[in-house]
S.K.: 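Submitted below is the structure of interest, expressed as structure tokens.
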There are 2 protein chains.
Amino acid sequence: MRILFADDHDLLRDVLKAYLEVDEELTVELASTVDEALVKIAHEGPFDLVLLDYQIPGMDGLLGLRRIVAAQEPRPVLLITGVATEGTATAALRSGAVAVLSKTMSVEKLKIAIVSVINGSFVPPYPGSAGQAGGAHAPTLTPRQEQVLRCICSGLSNKQIARELKLTEATVKMHVKMIFAKLSVNSRTQAILISKSFNLL
Amino acid sequence: MRILFADDHDLLRDVLKAYLEVDEELTVELASTVDEALVKIAHEGPFDLVLLDYQIPGMDGLLGLRRIVAAQEPRPVLLITGVATEGTATAALRSGAVAVLSKTMSVEKLKIAIVSVINGSFVPPYPGSAGQAGGAHAPTLTPRQEQVLRCICSGLSNKQIARELKLTEATVKMHVKMIFAKLSVNSRTQAILISKSFNLL
DNA sequence: CGGATACCTATCCAGAAGGATATATGACTA
DNA sequence: TAGTCATATATCCTTCTGGATAGGTATCCG
């Protein structure tokens with residue numbers, strides 16, 4: 001499945017691309033402006049999904065969104081935003097976005113949302129809607145797991161972490177495994193990137 | 001060798017500690033304020049070296065430096081700063097710092113400086129002095145190495161990088177090895193941290 | 001009490017990462 | 001032209017990672 005992720009925030013862009021592409025089925029193309037995204041769509045045909053940042057250069061209110069929606073027709077455009085009010089969210093939906101997501105939501109949920117939308121089985125949860133529906137909360141780590149993650153994010157090896165926390169390497173490996181599961185990653189490098197970009201620590 | 005690194009910038013503190021402690025001979029203790037540093041020195045005796053950030057809480061001009069120099073006597077105190085003028089540098093030296101280093105200098109050089117100072121074989125190069133003496137420049141990566149590092153920093157495995165850049169995994173591994181050598185690290189996690197904190201990309 | 005959680009340890013295994021060496025080609029240049 | 005540099009590939013070997021499974025203890029709570 002081909003996804004176009006349009007965001008000018010380099011770090012998030014790269015890390016999200018890396019994260020999503022762990023799934024071999026997903027291909028993520030990147031754009032950092034509305035115009036760049038439009039060029040990509042024009043040249044390479046509509047994507048299976050466009051993930052569009054609300055705070056991207058060229059957005060111009062919701063005009064940029066409408067232009068991309070038009071180019072994508074009838075394929076879906078997902079708007080993602082850091083700070084969204086009820087008003088802008090509904091306006092975006094009226095402008096053709098199939099859903100408005102918050103950057104505070106967890107990566108797993110974002111991925112689920114993306115796949116759901118592509119598969120056509122999606123109920124749009126957007127920030128500002130009733131309660132916390134579909135919203136934020138990052139994966140909860142136990143205190144120990146948090147310590148271990150902190151060590152991982154300092155570049156320590158399992159052996160070093162074991163010494164640092166006075167544990168067996170076996171124990172450390174077990175914690176690492178659990179952390180990976182919660183973050184939905186499969187390498188310590190990705191764990192670092194995810195925990196930094198969603199600042200879990 | 002016991003080193004006290006006093007800096008309130010968490011990221012740099014942790015990554016530098018991790019980096020230096022790769023060398024098994026070095027033990028790095030941390031403090032985030034001048035007072036915390038003084039307490040550590042008082043309780044645990046003078047360190048082989050104190051690495052002191054100029055922009056640390058409690059510094060109060062150069063008073064904090066003088067207090068730490070006094071506590072450390074006769075062991076060395078190294079001042080490290082992001083933005084230093086000729087004036088503050090010489091003032092710091094007069095206040096008892098054995099040298100003033102710039103945060104723009106490379107990690108390797110910093111480590112060399114630290115070890116040199118402890119071994120007593122150090123000629124203080126401080127920012128603002130003639131030309132670029134002892135100063136900044138980060139390790140120079142070849143274009144290819146830069147590409148590979150970028151991939152590493154996206155959390156990709158060697159195999160994924162090979163696919164991405166259309167290379168053999170063997171070639172990627174070779175590039176990775178070279179990058180590690182230039183950054184003076186020995187794992188991709190550390191490479192990420194170093195290249196991010198010294199934003200090499 | 002019984003169950004749920006967090007925590008610690010152990011062993012096995014496949015595969016990835018890291019380190020060392022060797023070889024080869026094109027490009028730039030002293 | 002000879003030398004250097006970046007690039008690319010290969011092989012060998014060791015260590016570390018990541019994943020699976022299977023135990024064990026302590027604590028908290030209904």
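Sequence lines set the chain letters: A, B, ... in the order given, protein chains first and strands last, and positions in each chain run from 1. From a predicted model like this one, the values you see are computed outputs, not experimental measurements.
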S.K.: Looking only at side-chain atoms of B/L167, point me to the closest of D/dA8, C/dC7, C/dT9.
M.R.: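 My answer, after comparing the listed nucleotides, is D/dA8.
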S.K.: Base, sugar-phosphate alone, or nothing: which one does B/T171 contact when heavy atoms must sit under 4.0 Å apart?
M.R.: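 Touches a base.
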S.K.: Nearest-Å distance, CG (A/L165) to P (C/dT9)?
M.R.: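 About 11 Å, once rounded to whole Å.
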S.K.: Can you name the closest pair of heavy atoms from A/V176 and A/I152 and give their distance?
M.R.: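 Taking A/V176 first and A/I152 second, the nearest heavy atoms are CG2-CD1, 4.0 Å.
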S.K.: I'd like a table of atom pairs between the protein and nucleotides 17-20 of chain C - only N or O on both sides, under 3.5 Å - with the distance next to each one.
M.R.:
{"residue": "C/dA17", "atom": "OP2", "partner": "B/N158", "partner atom": "N", "Å": "3.2"}
{"residue": "C/dA17", "atom": "OP2", "partner": "B/N158", "partner atom": "ND2", "Å": "3.4"}
{"residue": "C/dG18", "atom": "OP1", "partner": "B/R188", "partner atom": "N", "Å": "3.0"}
{"residue": "C/dG18", "atom": "OP2", "partner": "B/R188", "partner atom": "NH1", "Å": "3.1"}
{"residue": "C/dG18", "atom": "O6", "partner": "B/K173", "partner atom": "NZ", "Å": "2.9"}
{"residue": "C/dA20", "atom": "N7", "partner": "B/K177", "partner atom": "NZ", "Å": "3.3"}

S.K.: What integer distance in Å separates A/M174:CE from D/dG23:C1'?
M.R.: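 So the two atoms are 13 Å apart, to the nearest Å.
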S.K.: Write down the distance between CD (A/Q190) and P (D/dT17), rounded to a whole number of angstrom.
M.R.: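 Those two atoms, CD and P, are 15 Å apart.
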S.K.: Is the shortest heavy-atom distance from the side chain of A/L167 to the side chain of A/R144 under 4.5 Å?
M.R.: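 Heavy-atom side-chain distance check passes, below 4.5 Å.
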S.K.: Less than 4.0 Å between a side-chain N and a carboxylate O, is that true for B/D35 and B/R67?
M.R.: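 Salt bridge: yes.
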S.K.: Under a 3.5 Å distance rule, please check whether B/T33 uses its side chain to pair with a backbone N or O of B/E36 as donor and acceptor.
M.R.: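 Indeed, once roles are kept as given, a pair shorter than 3.5 Å links the two residues.
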S.K.: Quickly work out the A/I179 CD1 to C/dA6 P distance and round it to whole Å.
M.R.: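 Checked: the CD1 to P distance equals 13 Å.
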S.K.: Can you tell me which nucleotide in D/dA8, C/dT11, D/dT7 comes closest to the side chain of B/T142?
M.R.: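 Among the listed nucleotides, the one closest to the side chain of B/T142 is D/dT7.
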S.K.: Decide, yes or no, whether a salt bridge links B/R150 with B/E146 under the criterion of side-chain N to carboxylate O below 4.0 Å.
M.R.: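 Yes, this pair counts.
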S.K.: Rounded to whole Å, how long is the line connecting atom CD1 of A/I192 with atom C1' of D/dG18?
M.R.: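 Answer to the nearest Å: 15 Å.
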S.K.: Over all heavy atoms of both residues, which pair between A/L79 and A/L65 is shortest? Give the atoms and the distance, please.
M.R.: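 Taking A/L79 first and A/L65 second, the nearest heavy atoms are CD1-CD1, 4.4 Å.
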S.K.: Between B/M178 (CE) and D/dT9 (P), how many Å, whole number?
M.R.: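 After rounding, the gap between these two atoms is 15 Å.
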S.K.: Is A/H175 near enough to C/dC7 that one of its side-chain N or O atoms lies under 4.0 angstrom from OP1 or OP2?
M.R.: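 No, outside the criterion.
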S.K.: What integer distance in Å separates B/L141:CG from D/dC5:C1'?
M.R.: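 Checked: the CG to C1' distance equals 15 Å.
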S.K.: Please step through side-chain contact (heavy atoms from CB on, under 4.5 Å) for the pair A/L49 and A/F47, ending with a clear verdict.
M.R.: CA-CA 5 Å; A/L49 180 144; A/F47 289 74; 5.9 Å; no
S.K.: Roughly how many Å is it from CD1 in A/I161 to C1' in C/dC8, rounded to a whole number?
M.R.: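 Atom CD1 in A/I161 sits about 16 Å away from atom C1' in C/dC8.
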